[in-house]
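Working notes, beginning with the structure itself.
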Amino acid sequence: MARAVKLLSLQKKVQMSISISSLSNITADPGNIERVNDGLSTESNLSTLTFTATDLHNFLRTRRSIRRFKPDPVPDSVIQNILATATFAPSAHNRQPWRFVVITTQEVKEHLAEAMAIDFERDLARDGLPPEKIQAQIKRSKERITSSPVAILLCLDMSEMDSYPDEKRGQAERMMAIQSVAAAGTQLFLAVHAEGLVGVWACWVLFAQETIRKALNLSESWEPQAMFLVGYANETPRIKEMKDLKSLVKTL
């Protein structure tokens, strides 16, 4: 795996400009992400790769979700490499409807955690949970955000997708965009792994989209879809239990 990571890191020659959010510089629109190719073609890149299929499969299968991190900061250059790789994911019509908000400032993480906790507490109360369990879950949720060196909010932007007069095709177009954003999320997660970092994919942002948008002062077109909490591992990953492949596949 170490060999695969080293070889993958050699490919990271894509430079990228991205705004890193802080309490003082969160704007109404966090800005466009620029991706600049350094002139190397995909064909020439592939011709220089020497890792085997087994190396790559082992690398992909060793990714794990980790929720406890060391306090060590993640260099900006590493974050940029991760995001640049994420943007090479496939997307419907090649519209690339993903948007990223990178949060490294502790004050912003705390502000976001507090805002989301209000929605979380309300929903748990509606579920009938006792107050002590509600507070325990809220505390755990806050700590996950505030203890991670980096939080990357993955958003969907439908503004460049096709529009249709009928509901059926409109829903299909939206689903294609959501699938595209999810593909970028997967690629981002694997890029985190390639950098020797760990993280967890959190989907609970879907329950607090408007609260998150207001807390971070995002554009109305940026729809929060997921949050990646990223850092250096401070726990040993457990063995991942996998479903039997035969139960998941139908061959015709």
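If you're wondering where the values come from, they're calculated on a predicted model, not measured in any experiment. Atom set for the values below is all heavy atoms of this structure, side chains included, hydrogens, waters and symmetry mates excluded.
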Margin query: Using a 3.5 Å distance criterion without hydrogens, assess whether the side chain of Q187 forms a donor-acceptor pair with backbone atoms of T85.
Written below: yes
Check: Could you state the interatomic distance from OG1 (T211) to CD (E114), rounded to the nearest 0.5 Å?
Finding: 13.0 Å
Next item on the list: For atom CZ of F207, decide whether the heavy atoms of other residues, nucleotides or ligands shown that lie under 6.0 angstrom number more than 12.
Entry: no
Margin query: Taking S221's backbone N and O only, do any of them form a donor-acceptor pair with S219's side chain (distance below 3.5 Å, no angle check)?
Written below: yes
Note to self: Does any part of the side chain of L153, heavy atoms only, come nearer than 4.5 Å to the side chain of L112, both counted from C-beta?
What the structure shows: no
Margin query: Once rounded to the nearest 0.5 Å, what's the spacing between atom CE of M227 and atom CD1 of I152?
Written below: 10.5 Å
Check: Minimum heavy-atom separation for M176 to A92, with atom names?
Finding: CB-CB, 3.7 Å
Check: Can you tell if the side chain of Q225 reaches within under 4.5 Å of the side chain of Q209, non-hydrogen atoms only?
Finding: yes
Check: Looking at P149 and V74, what are the two nearest heavy atoms and their distance?
Finding: CB-CG2, 4.3 Å
Check: Nearest 0.5 Å, what's the NZ-CG distance between K250 and L248?
Finding: 14.0 Å
Check: For R63, does the CZ atom have more than 12 heavy-atom neighbours from other residues, nucleotides or ligands under 6.0 Å away?
Finding: yes
Margin query: Regarding E143 and K139, does a basic nitrogen lie under 4.0 Å from an acidic carboxylate oxygen?
Written below: yes
Next item on the list: Could you state whether I178 and L154 fall into the same hydrophobic cluster, counting links through intermediate Ile, Leu, Val, Met, Phe, Trp or Tyr residues with side-chain heavy atoms under 4.5 angstrom apart?
Entry: yes
Notebook entry, point to check: More than 12 heavy atoms of other residues, nucleotides or ligands under 6.0 Å from CZ of R169: is that the case?
Noted result: yes
Next item on the list: Anything under 30° is parallel, anything over 60° is perpendicular, the rest tilted; go ahead and classify W201 against F189.
Entry: perpendicular
Check: Just by distance, do the side chain of D55 and the backbone of T52 share a donor-acceptor pair under 3.5 Å?
Finding: yes
Next item on the list: Taking K109 for its side chain and S148 for its backbone only, find out whether a donor-acceptor pair lies under 3.5 Å.
Entry: yes
Check: Can you check whether E210 reaches D119 side chain to side chain, under 4.5 Å on heavy atoms?
Finding: no
Item checked: Side chains of T87 and L83 in contact at under 4.5 Å (non-hydrogen atoms) -> no
Next item on the list: Flag the pair L216 / I103 as yes when at least one side-chain heavy-atom distance between them is below 4.5 Å, and no otherwise.
Entry: yes
Item checked: Atom pair CD/CZ of E235 and R67 - distance to nearest 0.5 Å -> 8.0 Å
Check: Do you know which two heavy atoms are closest between T146 and A113, and how far apart they sit?
Finding: CG2-CB, 4.1 Å
Note to self: If I compare all heavy atoms of A183 with all of P90, which pair ends up nearest, and what's the gap?
What the structure shows: CB-O, 3.9 Å
Notebook entry, point to check: Is V200 reachable from V101 through a run of hydrophobic residues whose side-chain heavy atoms are each under 4.5 Å from the next?
Noted result: yes
Next item on the list: Treating Ile, Leu, Val, Met, Phe, Trp and Tyr as nodes and any side-chain heavy-atom pair under 4.5 angstrom as an edge, say whether V108 and F69 lie in one connected cluster.
Entry: yes
Next item on the list: For side chain to side chain contact (heavy atoms under 4.5 Å, CB included), just list the numbers for H93 and M161, CA-CA rounded to whole Å, side-chain angles, deciding distance to a tenth of an Å, and then say yes or no.
Entry: CA-CA 8 Å; H93 322 305; M161 299 299 291; 3.9 Å; yes
Margin query: Membership question, hydrophobic clusters at under 4.5 Å side-chain separation (ILVMFWY): are V192 and Y232 in the same one?
Written below: yes
Note to self: Check for me, please, whether I138 and L129 land in the same ILVMFWY cluster - side-chain distances under 4.5 Å, paths through other members count.
What the structure shows: yes
Next item on the list: Test Q171 against every option in E167, K168, E173 by the side-chain hydrogen bond (donor to acceptor under 3.5 Å, both in side chains) rule and name the one that passes.
Entry: E167
Margin query: Within this structure, what is the CD-CG distance for the pair E223 and L206, rounded to the nearest 0.5 Å?
Written below: 10.0 Å
Note to self: Just verifying a value: how many Å separate L188 CG and F100 CZ, rounded to the nearest 0.5 Å?
What the structure shows: 6.0 Å
Margin query: I'd like to know if the side chain of S91 and the backbone of Q96 have a donor-acceptor N/O pair within less than 3.5 Å.
Written below: yes
Next item on the list: Give the intermediate values and the outcome of side chain to side chain contact (heavy atoms under 4.5 Å, CB included) for residues V150 and L197.
Entry: CA-CA 11 Å; V150 183; L197 296 164; over 6 Å; no
Note to self: Testing the basics here: between V205 and P224, what is the closest heavy-atom pair and its distance to 0.1 Å?
What the structure shows: CG2-C, 4.3 Å
Margin query: I'd like to know whether CD of E132 has more than 12 heavy-atom contacts from other residues, nucleotides or ligands below 6.0 angstrom.
Written below: yes
Checklist line | Check against side chain to side chain contact (heavy atoms under 4.5 Å, CB included), M116 and I145 | finding: CA-CA 10 Å; M116 293 179 65; I145 297 175; 4.0 Å; yes
Check: Are a donor atom and an acceptor atom from the side chains of E121 and Q137 found within less than 3.5 Å of each other?
Finding: no
